[in-house]
Number of protein chains: 2
Amino acid sequence: MNTAPDPAAARHRWLTDEEQRIWRAYLHATTLLEDHLDRQLQRDAGMPHIYYGLLVGLAEAPRRRLRMTELAMKAKITRSRLSHAIARLEKNGWVHREDCPSDKRGQFAVLTDAGHEVLRRTAPGHVTAVRQALFDRLSPEQQKALGEIMEIVAEGLQPNEAGADLPWLR
Amino acid sequence: MNTAPDPAAARHRWLTDEEQRIWRAYLHATTLLEDHLDRQLQRDAGMPHIYYGLLVGLAEAPRRRLRMTELAMKAKITRSRLSHAIARLEKNGWVHREDCPSDKRGQFAVLTDAGHEVLRRTAPGHVTAVRQALFDRLSPEQQKALGEIMEIVAEGLQPNEAGADLPWLR
DNA sequence: CGTGACTTGTTCAAGTTTCAAGGAGCTGCC
DNA sequence: GGCAGCTCCTTGAAACTTGAACAAGTCACG
């Protein structure tokens, strides 16, 4: 179950007003930004943000291909979700699957030329959107701080961390 | 393949390596955190994070009720999405709808006692999860910086901002 | 009053994500 | 070899989200 009787920690310490303010700002900003980028990419590239990220992941990989599990890990999504997503991208002609010769269970997702072309065409607009929403509004110090903070948070939730769950292994 | 001070590409300035690192850390951390909290609440409270946020929104409102549009704005979601969500929460018995006497088009979403009870029971665990994932890992300075950064970003995407889109008015 | 523009909330259909289950291949061990 | 236990990926159904379209109510203004 959940938080079993654990005498050690101050289990039920509430958030202070200040913490609450920060937490709400976080939720507020992240949902707005995600919505914003999702809409931007849906409009300009015909796919949600996460799908775009998959194409980027493939574009960066050697020979523009990655095993399904690797891509899932890179994108931090479950393999199930990836399976559906690649099916859709395949239908769009932006990705195709290829059998792995060395492991017959394995599949490669491979970025097609059409997929690469979509990226080439839409990446500038996307970068601009990110820049306008985020980097253009923050001082260099704030950018640096943001990077550090996010690295800490990510590290703490890293799946190989003790007690963390393993979304893509389920 | 990114930081080319290419005059032709100057129109859409690429992200520098450092910016890219920050941006990836951001994406990485926010998706992990969202997944983590979604899973925590699904497990302990039987609903996704956003639905939980709706109950919290109602609990904070006078008389534990809010007009649909107000609640949608508060939660930063479309009215359509809210309509579905409230239908589900109503099925759970945690919310019920009430007609607005002064505007016959209007509906109030009202938190029921059962809904309040769910919050009472699950809030501590949720707060703990947020604390462990976020606040416990950041220095006071980092917390402060995070709050400021997120406020700036949110403000920039605020729907009443010029040129921004209005998700909940669509 | 009455008419047109707008608001409120819902609904429908299409798309996406999750969860549980399962087929198939790999691996180690007897 | 044979078999248990694992990994890789997919599937199908249910839950959730989206965007467009809609009925009903309100409002401003002639």
Side-chain angles (χ1 to χ4, degrees), chain A residues 31 34-43 45-54 65-73 75-92 95-110 165-170, chain B residues 31 34-43 45-54 65-73 75-92 95-110 165-170:
Chain A
T31 58
E34 199 183 296
D35 282 6
H36 181 67
L37 294 182
D38 255 348
R39 211 164 299 113
Q40 185 264 317
L41 280 171
Q42 190 67 57
R43 176 164 48 74
M47 67 190 125
H49 191 194
I50 187 101
Y51 286 36
Y52 180 88
L54 296 176
R65 74 192 53 214
L66 239 28
R67 286 285 293 271
M68 294 296 277
T69 296
E70 292 179 282
L71 183 51
M73 287 195 303
K76 271 93 199 160
I77 62 177
T78 61
R79 283 179 309 195
S80 170
R81 185 176 176 184
L82 179 63
S83 223
H84 290 295
I86 292 294
R88 197 274 224 183
L89 292 172
E90 206 170 15
K91 209 169 290 180
N92 283 274
V95 165
H96 78 101
R97 291 185 220 238
E98 229 170 78
D99 292 341
C100 173
S102 63
D103 184 339
K104 283 182 191 158
R105 297 166 303 180
Q107 289 277 104
F108 283 105
V110 187
D165 25 28
L166 307 157
W168 44 79
L169 294 184
R170 288 181 312 156
Chain B
T31 58
E34 199 182 296
D35 282 6
H36 181 66
L37 294 181
D38 254 349
R39 211 164 298 115
Q40 183 264 318
L41 281 171
Q42 190 67 58
R43 176 165 49 73
M47 66 190 125
H49 192 193
I50 187 100
Y51 285 38
Y52 180 88
L54 296 176
R65 75 193 52 215
L66 238 30
R67 286 287 294 271
M68 295 295 277
T69 296
E70 291 179 282
L71 184 51
M73 287 195 302
K76 272 94 198 163
I77 61 178
T78 60
R79 286 182 314 213
S80 169
R81 187 175 175 184
L82 179 63
S83 223
H84 291 294
I86 292 295
R88 198 273 223 185
L89 292 173
E90 206 169 16
K91 209 170 291 180
N92 282 275
V95 164
H96 78 102
R97 290 185 222 237
E98 228 170 80
D99 291 342
C100 173
S102 63
D103 184 339
K104 284 182 189 156
R105 296 166 304 180
Q107 290 278 102
F108 282 106
V110 187
D165 27 26
L166 307 158
W168 44 79
L169 294 185
R170 289 179 309 156

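Below, chain A is the first sequence line, B the second, and so on; all start at residue 1.
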In Å and rounded to the nearest 0.5 Å, what is the [atom1] to [atom2] distance from [X] to [Y]?
| X | Y | atom1 | atom2 | result |
| --- | --- | --- | --- | --- |
| B/Met68 | B/Arg97 | CE | CZ | 5.0 Å |
| B/His96 | B/Gln107 | NE2 | CD | 11.0 Å |
| B/Asp35 | B/Gln42 | CG | CD | 12.5 Å |
| A/Leu71 | A/Ile86 | CG | CD1 | 5.5 Å |

Using the side-chain heavy atoms of [X], tell me which of these nucleotides is nearest: [options].
| X | options | result |
| --- | --- | --- |
| A/Lys104 | C/dG25, C/dG9, D/dT26 | C/dG25 |
| B/Ser83 | C/dC26, C/dT11, D/dT11 | C/dT11 |
| B/Ile50 | C/dT8, D/dT17, D/dC8 | D/dT17 |
| B/Asp103 | C/dG9, D/dT26, D/dT10 | D/dT26 |
| A/Arg105 | C/dC26, C/dT7, C/dG9 | C/dC26 |
| B/Arg67 | C/dT8, C/dC12, D/dC16 | C/dT8 |

Please give, in whole Å, the distance from [N] [atom2] to [X] [atom1]?
| X | N | atom1 | atom2 | value |
| --- | --- | --- | --- | --- |
| B/Gln107 | C/dT11 | CD | C1' | 14 Å |
| A/Arg43 | C/dG15 | CZ | C1' | 19 Å |
| B/Leu41 | C/dT18 | CG | C1' | 16 Å |
| B/Glu34 | C/dT17 | CD | C1' | 12 Å |
| B/Arg39 | C/dA20 | CZ | P | 12 Å |
| B/His49 | D/dT17 | NE2 | P | 13 Å |
| A/Leu82 | C/dC19 | CG | P | 16 Å |
| B/Arg81 | C/dT8 | CZ | P | 20 Å |

Using a cut-off of strictly less than 4.0 Å, decide whether [X] has a side-chain nitrogen or oxygen near OP1 or OP2 of [N].
| X | N | result |
| --- | --- | --- |
| B/Arg97 | C/dG9 | no |
| A/Arg88 | C/dT16 | yes |
| A/Arg79 | D/dC9 | no |

Select base, sugar-phosphate, or nothing to describe what A/Phe108 touches, counting heavy atoms under 4.0 Å on all strands.
nothing

Quick check: on DNA chain D, is the nucleotide nearest B/Ser80 upstream (toward 5') of the one nearest A/Met68, or the reverse? Name the residue that is more 5'.
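Mapping each residue to its closest nucleotide by heavy atoms, the 5'-most match is A/Met68.
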
Select from A/Ala85 and A/Ser102 the residue whose nearest nucleotide in DNA chain C is closer to the 5' end of that strand.
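That would be A/Ala85.
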
Which atom pair, heavy atoms only, marks the closest approach of B/Arg88 to B/Gly46?
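Smallest heavy-atom distance, with atoms named: NH2-O, 3.1 Å.
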
Sort out for me which residue in A/Leu89, A/Leu37, A/Asp38, A/Leu41 forms a side chain to side chain contact (heavy atoms under 4.5 Å, CB included) with A/Tyr52.
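Answer after filtering A/Leu89, A/Leu37, A/Asp38, A/Leu41: A/Leu41.
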
Would you state whether a donor and an acceptor, one from the side chain of A/His84 and one from the base of C/dG15, lie under 3.5 Å apart?
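Side chain to base: no pair below 3.5 Å.
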
